[in-house]
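Nothing fancy with the numbering, it's 1 onward along the sequence. No experiment lies behind these values; they were computed from the predicted model shown.
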Amino acid sequence: MRFSVGVRRKRVFRACANEWLVDRAFDGSTKNAVERRLRNLVYPYLGDRKIGSILPTHIRVWLRTLQQRKLAGGTRAVTFIHVSAIFNAAVDDKKIAENPCKAKSVTKPQPDKRKIVPWSAGKVAAVRLALSAKYKIVVPLGAAADFVKGRSSVCPLWTLTGTRRCSTSFVRSGWWTTCTSSRLRSAAKSGTCRCLTVSSGTWTTT
């Protein structure tokens with residue numbers, strides 16, 4: 001369906017955002033995350049506004065509101081990127097002339113700068129010791145493969161056979177891993193792969 005320039009400018013932000021989302025080649029977990037951010041952090045403030053009426057002042061107020069909610073800088077930054085991308089698509093489709101997110105008066109949120117402090121060997125050992133036998137394997141695998149929070153924690157029960165071969169999936173975060181003998185191969189949802197050698201002691205679950 002083709003719309004005149006006037007009609008396109010009067011379409012609400014939510015409708016334009018839904019069109020943008022349909023056109024993205026997101027995998028399932030990423031798409032769900034984007035939808036959740038738009039639904040919870042964007043639509044209550046910009047969703048029902050006509051896209052042609054949204055000005056830099058509205059973006060500044062929206063960003064200030066997110067900051068007042070004490071949301072993490074990373075959350076605000078990635079949500080801003082989504083919103084700006086939606087406006088970019090609207091500019092390309094001639095729905096609006098300019099992207100209000102790119103105005104000089106709008107300050108792009110930045111992720112919080114945090115120093116990552118790895119767990120000590122003692123803490124890793126203590127966590128492993130506190131788990132029941134069937135879950136102990138998750139700790140060394142998570143540490144060795146550098147899984148982030150939420151990726152190793154969704155591992156279903158491991159089945160270790162006499163040949164130490166197993167296969168499982170990390171469904172929630174889009175990770176899959178296959179283990180053959182002492183090799184652990186993990187692939188992220190971006191398609192990159194990495195392999196590392198797991199010592200024989202890693203497979204001891206008691």
Side-chain angles (χ1 to χ4, degrees), residues 1-119 142 146-154 170-175 188-192:
M1 183 181 294
R2 299 180 66 87
F3 297 95
S4 67
V5 174
V7 172
R8 290 198 297 263
R9 287 179 57 85
K10 291 180 181 178
R11 301 197 73 200
V12 297
F13 179 88
R14 187 193 307 268
C16 295
N18 288 335
E19 291 178 355
W20 170 83
L21 193 58
V22 168
D23 292 337
R24 300 305 96 188
F26 292 138
D27 60 47
S29 61
T30 300
K31 183 177 181 181
N32 290 339
V34 175
E35 287 179 332
R36 184 172 60 253
R37 294 186 194 106
L38 292 174
R39 183 174 61 253
N40 296 334
L41 306 178
V42 182
Y43 291 161
Y45 309 98
L46 303 175
D48 295 327
R49 286 186 176 273
K50 296 179 176 62
I51 194 163
S53 71
I54 298 176
L55 303 173
T57 184
H58 298 125
I59 301 300
R60 293 194 300 270
V61 171
W62 166 64
L63 289 175
R64 186 165 60 249
T65 301
L66 296 186
Q67 188 174 23
Q68 290 172 346
R69 290 178 58 179
K70 301 186 183 305
L71 296 174
T75 299
R76 290 184 282 115
V78 73
T79 305
F80 179 85
I81 290 173
H82 298 332
V83 171
S84 184
I86 293 167
F87 281 116
N88 281 338
V91 171
D92 292 343
D93 292 339
K94 303 297 189 293
K95 296 174 183 176
I96 56 176
E98 296 178 326
N99 180 347
C101 292
K102 293 185 176 181
K104 293 181 179 179
S105 61
V106 174
T107 301
K108 180 181 177 180
Q110 299 296 324
D112 299 326
K113 294 182 179 180
R114 299 179 181 177
K115 182 178 181 180
I116 299 176
V117 181
W119 282 4
D146 192 27
F147 291 138
V148 299
K149 180 181 178 181
R151 287 182 177 159
S152 58
S153 64
V154 298
F170 297 90
V171 179
R172 185 186 306 169
S173 297
W175 278 78
K189 56 190 174 184
S190 62
T192 57

Donor-acceptor pair, side chain of Asp93 and main chain of Lys95, under 3.5 angstrom: no

Show the atom names and distances, to 0.1 Å, of all donor-acceptor pairs under 3.5 Å that link a side chain in residues 55-67 to residues at least two apart or in another chain.
{"from": "His58", "atom 1": "ND1", "to": "Leu55", "atom 2": "N", "distance (Å)": "2.9"}
{"from": "His58", "atom 1": "NE2", "to": "Arg49", "atom 2": "NH1", "distance (Å)": "3.4"}
{"from": "Arg60", "atom 1": "NH1", "to": "Ser105", "atom 2": "OG", "distance (Å)": "2.6"}
{"from": "Trp62", "atom 1": "NE1", "to": "Leu41", "atom 2": "O", "distance (Å)": "2.7"}
{"from": "Thr65", "atom 1": "OG1", "to": "Val61", "atom 2": "O", "distance (Å)": "2.8"}

Pairs flagged by ring-ring contact (aromatic ring centres under 6.0 Å, His included) wherever residues 84-113 is involved - sequence neighbours left out: Phe13-Phe87

Side chain to side chain donor-acceptor pair (under 3.5 Å) partners of Asn32, counting only residues at least two apart: none

Rounded to the nearest 0.5 Å, how far does CG of Asn18 lie from CG of Leu38? 8.0 Å

Going by heavy atoms in the side chains, are His82 and Arg24 under 4.5 Å from each other? no

Reported CG-to-OG1 distance for the pair Asn40 and Thr75, which is rounded to 0.5 angstrom: 11.0 Å

Any Cys101 side-chain heavy atom under 4.5 Å of Val83 side chain: yes

Between Ala90 and Ile51, which heavy-atom pair has the shortest distance, and what is it? CB-CD1, 3.6 Å

Those residues at least two apart in sequence (or on a different chain) that pass salt bridge (charged side-chain N to carboxylate O under 4.0 Å, His left out) with Arg14 are Asp48

Please list, chain by chain and in numerical order, all residues satisfying side chain to side chain donor-acceptor pair (under 3.5 Å) with Lys102, sequence neighbours excluded. Asn88

Looking at every heavy atom in both Pro109 and Phe80, which two are closest together, and how far apart are they? CD-CG, 3.6 Å

Within a strict 4.5 Å, meaning less than it, do heavy atoms of the Trp20 and Val34 side chains meet? yes

Nearest-0.5 Å distance that lies between atom SG in Cys16 and atom CD1 in Ile96: 8.0 Å

Run the side chain to side chain donor-acceptor pair (under 3.5 Å) test against Arg76 and tell me which residues pass, sequence neighbours left out. none

